[in-house]
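To keep things clear, I will list the structure first and then write my remarks on it.
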Amino acid sequence: MSTLEKTITLLREMPEQSLESLYDFIHSIWIQQKTDATDAKDISKSMEGLQILQSFAGTLPADFDYQKELENMRKEKYARFN
């Protein structure tokens, strides 16, 4: 006898109240599995985005002065507040 057949036999013997509880439990598991599948797709998209960002690493010139550029951008952005 297959697992499905055993389950159907058991379900036929269960009282209605137990079936309602069992249905709610199975339904919650089903929803969780769908959510997990969606999350896996979202993670995949996030990883693709990360790989794109990582591809830009090391593209600045060797003489790039980060501190100088940062200070210039801060002056440009916040000069009106001084």
Side-chain angles (χ1 to χ4, degrees):
M1 187 180 267
S2 73
T3 304
L4 179 60
E5 292 170 336
K6 290 177 191 176
T7 304
I8 291 171
T9 302
L10 185 62
L11 289 172
R12 286 185 179 145
E13 295 173 2
M14 290 179 76
E16 186 71 24
Q17 185 178 7
S18 297
L19 285 174
E20 290 174 10
S21 299
L22 182 61
Y23 172 80
D24 290 339
F25 175 71
I26 293 171
H27 188 254
S28 68
I29 291 173
W30 183 252
I31 290 172
Q32 184 63 39
Q33 287 178 344
K34 286 183 177 182
T35 303
D36 291 346
T38 303
D39 289 346
K41 289 178 185 176
D42 291 344
I43 290 170
S44 175
K45 287 180 182 178
S46 297
M47 290 304 293
E48 288 175 24
L50 177 61
Q51 290 172 348
I52 291 170
L53 288 174
Q54 287 176 333
S55 72
F56 291 109
T59 58
L60 295 173
D63 61 343
F64 182 79
D65 184 359
Y66 173 76
Q67 291 298 328
K68 179 182 171 189
E69 291 296 322
L70 178 61
E71 188 60 33
N72 289 340
M73 290 296 112
R74 284 182 176 159
K75 285 179 185 176
E76 183 180 316
K77 183 173 183 178
Y78 297 112
R80 62 188 168 138
F81 296 113
N82 291 333

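Residue numbers start at 1 and run along the sequence shown.
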Review point. Which value, rounded to the nearest 0.5 Å, describes the distance between M73 atom CE and L70 atom CG?
Key: 9.0 Å
Review point. How many angstroms lie between atom OG of S46 and atom CD of Q51, to the nearest 0.5 angstrom?
Key: 11.0 Å
Exercise for review: List in chain and number order the residues that pass side-chain contact (heavy atoms from CB on, under 4.5 Å) with F64, two or more places apart in sequence or in another chain; answer none if no residue qualifies.
Suggested key: L60, P61, Y66, E69
Point to revise | D65: partners by side-chain contact (heavy atoms from CB on, under 4.5 Å), with sequence neighbours left out | key: Q67, K68
Practice item. State the OH-CZ distance between Y78 and R80, to the nearest 0.5 angstrom. Key: 9.5 Å
Contacts table for residues 6-26: side-chain donor-acceptor under 3.5 angstrom, sequence neighbours left out:
unit_1, atom_1, unit_2, atom_2, d
T7, OG1, T3, O, 2.7
T9, OG1, E5, O, 2.9
S21, OG, Q17, O, 3.4

